[in-house]
Amino acid sequence: MIKGFREFILRGNVIDLAVAVVIGAAFTGIVNAIVAGLINPLIALIFQADNLNSLTWEVPTLMGGTTTFAWGSIVGAVINFLAVAVVVYFAFVMPMNRLKERAAAREQMPPEPVPMPSEAEILIQIRDLLQKQNDAAPPKP
């Protein structure tokens, strides 16, 4: 049982997943700072609200009370997700794809063609071959 668990943990997929989780957690702080320092002030300009969580919609209920929809927190979560996705794509996925494409292109490149001899070199070779044939041929009676 322990051997199977060790093999599972040492598989490449598990390690890759662990690295992704750690990097994702590190980006959370960056994204939260961007949202708090940039996105929330822009939203405050548009909606006259301090942050996304304060954006709500109150709807009267059938019993005479009200219920509150916190649509601002949903918008904030979507913005956080999109910001993380953009950063991960442009910082990791796109450069890795380009590196893979370049490596694949290098592997599939045909070898450089052998340079063709010039016309003068070909004529010299023909002359030498004809001269060899004439020298090797028996004299005619």
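Computation of the quantities below employed the complete heavy-atom set of this structure, encompassing side-chain atoms and omitting hydrogens, waters and symmetry-equivalent molecules.
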key: Gap between atom CG of Leu62 and atom OG1 of Thr67 - 0.5 Å precision   = 11.0 Å
task = Any chance you could measure Thr56, atom OG1, to Trp71, atom CH2, to the nearest 0.5 Å?
result = 9.0 Å
key: Apart from Leu99 itself, residues in the same hydrophobic cluster as defined by side-chain heavy atoms under 4.5 Å   = Met96
inquiry  = Counting C-beta onward and ignoring hydrogens, is there a side-chain heavy-atom pair between Thr68 and Trp57 closer than 4.5 Å?
reply    = no
task = Consider only side-chain heavy atoms of I, L, V, M, F, W and Y, link residues closer than 4.5 Å, and tell whether Val75 and Val59 are in one cluster.
result = yes
For residues 114-128, tabulate all N or O donor-acceptor pairs below 3.5 Å that involve a side-chain atom, not counting sequence neighbours.
unit_1: Ser118; atom_1: OG; unit_2: Glu121; atom_2: N; d: 3.4
unit_1: Glu121; atom_1: OE1; unit_2: Ser118; atom_2: N; d: 2.9

